[in-house]
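Take a look at the structure set out below.
Letters A, B, ... are given to chains in the order of the sequence lines, protein chains preceding strands, and every chain is numbered from 1.
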2 protein chains.
Amino acid sequence: MGTLESGATLESVAAAAGVSRQTVSNVLNAPERVAPQTRQRVQEAIESLRYRPNRSARSLRTRTSRLLGYCVQPAPEGAINPVLDRFVHALTESAADHGFHVLLFTAPPGAAGLDRYAELLAQRAVDGFVLSDTVVADPRPVWLTEQGVPFVAFGRSWSGPDHGRWVDVDGAAGIVEAVEHVHALGHRRVAFIGWPEGSGVGDDRLAGYLAACSRLGLTPLVERDEGGVEQGRAIAGALLDDPEPPTALVCVSDLSAYGALRAVAERGLRPGADVAVVGFDDTPAARLPGVELTSVSQPIEEVGRDAVHMLLGALGVVEPPPGPADHRLLRPTLVVRASTAISPEG
Amino acid sequence: MGTLESGATLESVAAAAGVSRQTVSNVLNAPERVAPQTRQRVQEAIESLRYRPNRSARSLRTRTSRLLGYCVQPAPEGAINPVLDRFVHALTESAADHGFHVLLFTAPPGAAGLDRYAELLAQRAVDGFVLSDTVVADPRPVWLTEQGVPFVAFGRSWSGPDHGRWVDVDGAAGIVEAVEHVHALGHRRVAFIGWPEGSGVGDDRLAGYLAACSRLGLTPLVERDEGGVEQGRAIAGALLDDPEPPTALVCVSDLSAYGALRAVAERGLRPGADVAVVGFDDTPAARLPGVELTSVSQPIEEVGRDAVHMLLGALGVVEPPPGPADHRLLRPTLVVRASTAISPEG
DNA sequence: ATATATTGTGCGACTAGGAGT
DNA sequence: CACTCCTAGTCGCACAATATA
């Protein structure tokens with residue numbers, strides 16, 4: 001039989017300490033109301049009985065579950081970006097610092113998935129939500145705001161006004177840094193391989209590219225594709241086959257960049273020596289020997305921590321950190337590898 | 001104000017339907033005890049009030065939380081294997097099919113982390129645990145078994161007797177398939193790049209290699225390293241520099257295989273044409289153009305589903321599926337790509 | 001006696017107000 | 001009147017025994 005089948009309760013601890021239930025409760029939730037001597041005695045009883053408050057009972061009474069809901073999406077086909085691992089771990093760890101846990105659930109994308117959120121709310125299963133994989137015109141922030149449900153999103157709402165709290169990574173700033181980096185290496189014909197217009201994240205990164213070109217006096221050269229490796233390979237190939245090809249390819253994602261690297265290699269050119277290639281996301285494959293892709297790295301752990309703090313702040317659990325309470329924009333960092341190692345000739 | 005601030009309870013539904021609390025409860029938990037006509041009326045009241053049973057209250061009464069605990073590990077440095085995404089999603093989805101949710105928590109590895117498990121148990125926060133990242137002499141299965149806590153592990157206990165339920169992937173069978181594959185292509189000098197002895201998983205995969213060699217009449221050639229890309233590159237390089245080098249390299253993991261691919265390329269050889277390379281795990285980078293690594297793919301989603309079913313079976317929530325109740329060994333599949341495309345000459 | 005619906009009770013904790021010194 | 005502690009009531013649900021046709 002297990003040593004924690006005990007099932008100690010407020011009652012049994014009180015009996016062991018020779019006080020009433022309420023005094024034990026006070027020791028846990030309002031220690032200053034209990035005389036030090038009594039407190040000591042109660043704490044010893046708690047220790048010896050290995051007492052822990054029953055979460056369900058506490059939840060029922062306080063009407064808070066100390067659970068944060070997070071919807072896990074299935075990893076998209078061909079995904080190379082294991083964000084979930086890091087983000088979820090950061091969420092879980094930060095939540096634990098304040099006695100909270102993360103509750104996972106699944107939901108279909110779009111408005112159809114709102115039912116799942118409503119269900120958890122109606123059951124009082126969670127105190128709030130952490131959203132990720134937000135898209136343009138995502139119905140969730142609007143709906144949750146209407147319902148008065150505390151939440152925080154990883155990702156801005158790209159269309160219309162902001163709803164609720166969010167944490168995001170400044171993609172434009174990341175691309176600016178990338179362009180400045182290749183510019184500093186001497187590259188003057190710098191192309192951008194982007195996503196189709198209207199993706200929010202993609203438009204933001206493109207904006208960074210255009211801003212950097214403007215500031216540095218470079219002529220923008222933008223190509224767009226659907227973002228896959230093969231598409232990146234084709235687009236990059238077309239660019240390189242131009243009579244006056246770009247010497248640097250800044251890509252909206254690592255996936256495009258892997259395609260670009262391939263296109264470079266297929267033309268007998270050496271990435272980093274003949275053509276610079278930069279990606280975005282710093283996916284695990286970027287560091288593999290033979291790849292060594294320079295890439296913009298997102299501070300995922302920091303996003304997770306900030307998200308939890310903002311949400312717990314909204315729940316009144318922690319003092320909200322200084323700064324704007326409803327959003328936070330974090331700077332990514334450029335990780336330089338061999339794909340942008342050497343200055344071009346000329 | 002939100003439409004689900006309602007806070008409907010059994011009581012209010014009962015009032016709306018003109019019946020007693022208990023009848024509403026029966027409609028939900030034992031419909032056959034309620035006359036069809038009454039049932040209908042109650043269900044309409046439930047609908048119109050958007051009633052959902054309060055999870056905390058139900059948990060308190062039934063002494064079950066309908067929550068499965070899962071400990072998320074921080075992704076190890078240089079990880080290229082985003083198992084968590086897929087595994088956790090599969091867990092969450094399967095659990096949802098039976099009204100369960102996954103509760104995430106963190107814990108330090110080894111015996112030091114048992115406290116976190118004990119804590120959740122003492123709080124009655126979870127009904128059972130799903131374990132992953134099990135290691136040789138993992139203290140958790142033993143401890144949980146002692147405590148009488150339902151759990152299921154992704155991964156066998158490699159040392160001593162089995163404790164509790166587990167689901168695992170037959171790594172040996174996967175490697176056998178890999179060796180048979182390169183053998184069928186005509187390779188006769190097939191080397192294995194493995195992990196140091198004592199890793200359980202690594203030893204299992206090695207056993208598959210040795211069994212296949214024995215069956216096919218090949219001379220085993222085993223090298224071991226710590227499993228990193230650079231180590232794989234060095235080991236593979238040494239093998240290839242032998243006067244009579246192997247023509248096929250079967251690797252214990254994709255990480256080693258990426259190193260091996262690099263070593264092959266560095267010697268002016270073409271992976272797939274001159275030297276066959278096989279990895280294990282089918283990590284996302286394996287499919288990238290220019291890599292195209294043949295690899296053994298684990299049925300992660302199936303592992304997750306089976307794990308949940310076994311655990312829910314142990315909790316008495318579902319009818320345990322046919323077959324052995326305490327363990328399940330799943331076959332991986334070989335995904336053939338360009339790194340083993342062509343038969344060698346000779 | 002069978003089918004159906006109803007009361008009482010307690011799960012374990014917190015909140016409010018009262019009693020003792 | 002502080003300070004400390006306790007009694008009584010409540011959260012929403014499900015189990016058990018009971019009442020009504």
Side-chain angles (χ1 to χ4, degrees), chain A residues 4-43 45-46 49-66 99 120-125 127 316-317, chain B residues 4-43 45-46 49-66 99 120-125 127 316-317:
Chain A
L4 30 80
E5 294 280 342
S6 61
T9 71
L10 225 39
E11 189 82 46
S12 62
V13 173
V19 296
S20 72
R21 293 180 318 210
Q22 184 51 28
T23 301
V24 181
S25 177
N26 282 337
V27 169
L28 293 171
N29 302 315
E32 73 282 358
R33 289 190 186 173
V34 179
Q37 195 176 337
T38 316
R39 197 190 306 163
Q40 173 75 15
R41 199 149 35 96
V42 171
Q43 261 155 356
I46 289 176
L49 292 178
R50 285 178 165 57
Y51 169 73
R52 291 290 179 282
N54 180 307
R55 267 185 108 94
S56 304
R58 175 174 275 185
S59 288
L60 177 59
R61 191 62 180 95
T62 63
R63 308 177 140 293
T64 66
S65 62
R66 302 199 147 246
L120 289 169
L121 256 10
Q123 296 178 148
R124 296 198 164 282
D127 292 342
V317 175
Chain B
L4 29 83
E5 293 281 341
S6 59
T9 70
L10 270 188
E11 191 79 48
S12 63
V13 172
V19 297
S20 71
R21 297 176 319 215
Q22 185 52 28
T23 300
V24 181
S25 177
N26 282 337
V27 168
L28 294 171
N29 302 317
E32 74 283 359
R33 289 191 187 172
V34 179
Q37 195 177 337
T38 316
R39 196 189 308 163
Q40 172 76 15
R41 198 150 36 95
V42 170
Q43 260 154 355
I46 290 176
L49 292 178
R50 285 178 165 59
Y51 169 74
R52 291 290 179 281
N54 181 307
R55 266 187 109 95
S56 305
R58 175 174 276 184
S59 290
L60 178 59
R61 191 63 181 89
T62 61
R63 307 177 142 286
T64 66
S65 62
R66 301 198 148 247
L120 289 169
L121 255 10
Q123 297 178 149
R124 298 197 165 282
D127 292 343
V317 175

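Atom CD of B:Q37 is surrounded by 12 or fewer heavy atoms from other residues, nucleotides or ligands within 6.0 Å.
Base pairing of C:dC14: its partner is D:dG9, meeting the Watson-Crick or G-U wobble criterion (both donor-acceptor distances under 3.5 Å).
Regarding A:R33, its CZ atom lies at a distance of 14 Å from the C1' atom of D:dA2, rounded to whole Å. Per the geometry, CG belonging to A:N26 stands 13 Å off C1' belonging to D:dT7, to the nearest Å. To the nearest angstrom, P of D:dA8 lies 13 Å from CD of A:E11. For the pair A:Q40 CD and D:dT4 P, the computed distance is 16 Å after rounding to whole Å.
Among the heavy atoms of the strands lying under 4.0 Å from A:T9 are primed sugar atoms or P, OP1, OP2 only; no base atom is included. At a threshold of 4.0 angstrom between heavy atoms, the contacts of B:T38 are confined to the sugar-phosphate backbone, with no base atom among them. Using a 4.0 Å heavy-atom distance criterion, B:R55 is classed as making no nucleic acid contact. Counting any heavy atom pair closer than 4.0 Å across all strands shown, B:S20 reaches a base atom.
In this structure, the side chain of B:R55 engages the main chain of B:R66 through a donor-acceptor pair within 3.5 Å. With hydrogens and angles disregarded, no donor-acceptor distance shorter than 3.5 Å links the side chain of A:R124 to the backbone of B:S56.
Regarding contacts with the backbone of C:dA5, every side-chain N or O of B:T23 stays at 4.0 angstrom or more from both OP1 and OP2.
Partners of B:E11 by salt bridge (Lys or Arg N to Asp or Glu O under 4.0 Å), not counting sequence neighbours: none found.
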**Prompt:** Which parts of nucleotides 14-21 of chain D does protein reach within less than 4.0 Å, heavy atoms only, written one letter per nucleotide 5' to 3' as B for base, S for sugar-phosphate only and - for none?
**Reply:** BBB-----
